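This report refers to the structure that appears directly beneath it.
Here the structure is a predicted model, which is why all the values come from computation and not from measurement. Convention: sequence-line order gives letters A, B, ...; per-chain numbering from 1.
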Amino acid sequence: MRIATWNVNSIGARLPRLIPWLEETAPDIVALQETKCAAGAFPYLPVQALGYEALAAGDGRWNGVAILSKLGITDPVVDLPGHPEARLASARCGLLHVTSVYVPNGRSVDDPHYTYKLDWLATLCAGLDSVDPAEPRVIMGDFNVAPTDDDVWDIKAFAGSTHVTPAERAAVQALLDWGLIDLPARPGKGEHPFSYWDYRAGMFHKDLGMRIDLVLATKSVRVSDAYVDREARKGKLPSDHAPVVVDIDL
DNA sequence: ATGTCATCTTAGAGATGA
């Protein structure tokens with residue numbers, strides 16, 4: 001069984017790349033982020049034609065998350081208590097419980113959005129209190145947090161920045177402490193499995209990226225392979241994120 | 001490392017966010 005997460009940076013703009021990618025990669029379940037698409041405007045028909053049921057949450061202009069599943073979608077949830085933005089979609093897909101997250105960016109450490117980011121992550125973690133960590137579950141998406149210094153191209157360039165602060169890392173660590181494992185993925189190039197590269201300044205071609213798209217899974221999810229699909233970041237009109245693809249058994 | 005990209009407003013360049 002194959003699962004994947006991909007911040008597509010607008011599903012409308014990316015559909016011409018998403019559809020062939022789904023055909024070639026053939027994941028059973030995909031978590032999408034930054035669809036930038038109202039739930040009612042989601043391209044259900046093109047993904048249904050490939051055998052996927054879709055659960056979409058969307059504000060319209062910003063944010064937006066979705067789950068595509070060939071294994072069914074039951075118990076859908078598309079909000080996080082007290083946080084109205086469309087940044088979470090959750091459902092049971094066959095035997096696996098799946099959550100797609102688009103964690104707030106934070107902007108800068110002195111911005112109210114940074115506090116909002118920490119609160120959002122804490123609320124996500126608190127929601128797991130009523131969940132059994134023995135059950136097969138994945139929480140995957142754009143966490144906007146680089147868990148370790150090796151997850152950015154140069155930690156010195158991030159002095160004073162978001163994505164690398166102890167508080168953000170502690171918020172992700174709390175999820176791991178609950179019972180999730182940050183699945184290590186093979187890099188597409190170089191030593192680091194970066195999943196995001198800024199569009200500007202040739203960052204992608206210099207492999208100056210960040211690992212901020214994470215697949216967190218409970219231990220009953222057995223992993224046979226995991227990789228960053230760097231090919232999907234190449235070529236014409238890519239997203240600024242690459243998909244992370246994970247092959248699993250339950 | 002602020003050099004790009006996507007979207008919306010409101011009809012074409014600017015604001016916003018990443």
Under 4.0 Å protein heavy-atom contact, by nucleotide of nucleotides 7-15 of chain B - B base, S sugar-phosphate only: BB------B

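- In this structure, A:His192 contributes its side chain and A:Val152 its backbone to no donor-acceptor pair below 3.5 Å.
- Between the P atoms of B:dG17 and B:dA1, the separation comes to 25 Å (whole Å).
- Checked against side chain to side chain contact (heavy atoms under 4.5 Å, CB included), A:Lys234 has the following partners two or more places apart in sequence or in another chain: A:Phe204, A:Arg230, A:Glu231.
- Rounded to an integer number of Å, the gap from CD of A:Glu34 to P of B:dA18 is 7 Å.
- For the C1' atom pair drawn from B:dT7 and B:dA11, the interatomic distance equals 16 Å after rounding to whole Å.
- The CG-P distance, from A:Leu15 to B:dA6, rounds to 13 Å in whole Å.
- One interatomic measurement links the two molecules: CG of A:Asn63 to C1' of B:dT16, which rounds to 13 Å at whole-angstrom precision.
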Please tabulate, for the side chains in residues 71-83 of chain A, all donor-acceptor contacts under 3.5 angstrom to protein atoms that are two or more places apart in sequence or on a different chain.
from    : atom 1 : to       : atom 2 : distance (Å)
A:Thr74 : OG1    : A:Arg92  : O      : 3.4
A:His83 : ND1    : A:Pro81  : O      : 2.7
A:His83 : NE2    : A:Asp119 : OD2    : 2.8

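- The separation between A:Ile212 atom CD1 and B:dA18 atom P is 12 Å, rounded to whole Å.
- Ion pair A:Arg222/A:Asp249 not flagged as a salt bridge, since none of the NZ, NE, NH1 or NH2 atoms sits closer than 4.0 Å to an Asp/Glu carboxylate oxygen.
- A:Leu15 belongs to a hydrophobic cluster whose remaining members, ordered by chain and number, are A:Trp6, A:Val8, A:Ile11, A:Leu18, A:Ile19, A:Trp21, A:Leu22, A:Val30, A:Leu32, A:Phe42, A:Tyr44, A:Val47, A:Leu50, A:Tyr52, A:Leu68, A:Tyr227, A:Val245; membership requires side-chain heavy atoms of ILVMFWY residues under 4.5 Å apart, directly or through intermediates.
- Here A:Arg87 pairs with A:Glu85 under the salt bridge (Lys or Arg N to Asp or Glu O under 4.0 Å) rule; sequence neighbours left out.
- With sequence neighbours left out, A:Asp177 forms a side-chain hydrogen bond (donor to acceptor under 3.5 Å, both in side chains) with A:Gln173.
- For A:Arg2, the salt bridge (Lys or Arg N to Asp or Glu O under 4.0 Å) criterion is met by A:Asp247, not counting sequence neighbours.
- Residues A:Val65 make up the rest of the hydrophobic cluster containing A:Tyr102, defined by ILVMFWY side-chain heavy atoms closer than 4.5 Å, directly or through other members.
- Comparing B:dG14 with B:dG3, their P atoms are spaced 15 Å from each other, to the whole Å.
- Under the rule for a side-chain hydrogen bond (donor to acceptor under 3.5 Å, both in side chains), the partners of A:Asn7 that lie at least two apart in sequence or sit in another chain are A:Glu34, A:Asp142, A:His241.
- Taken residue by residue, residues 193-211 of chain A places heavy atoms nearer than 4.0 Å to DNA chain B at A:Tyr199, A:Arg200, A:Ala201, A:Lys206, A:Leu208.
- When the C1' atom of B:dG17 is taken as reference, atom CG of A:Asp59 falls 13 Å away, rounded to whole Å.
- Evaluation of the side-chain hydrogen bond (donor to acceptor under 3.5 Å, both in side chains) rule for A:Tyr114 yields A:Thr165 as partners, not counting sequence neighbours.
- Using a 4.0 Å cut-off on heavy atoms, none of the residues of residues 143-159 of chain A approach DNA chain B.
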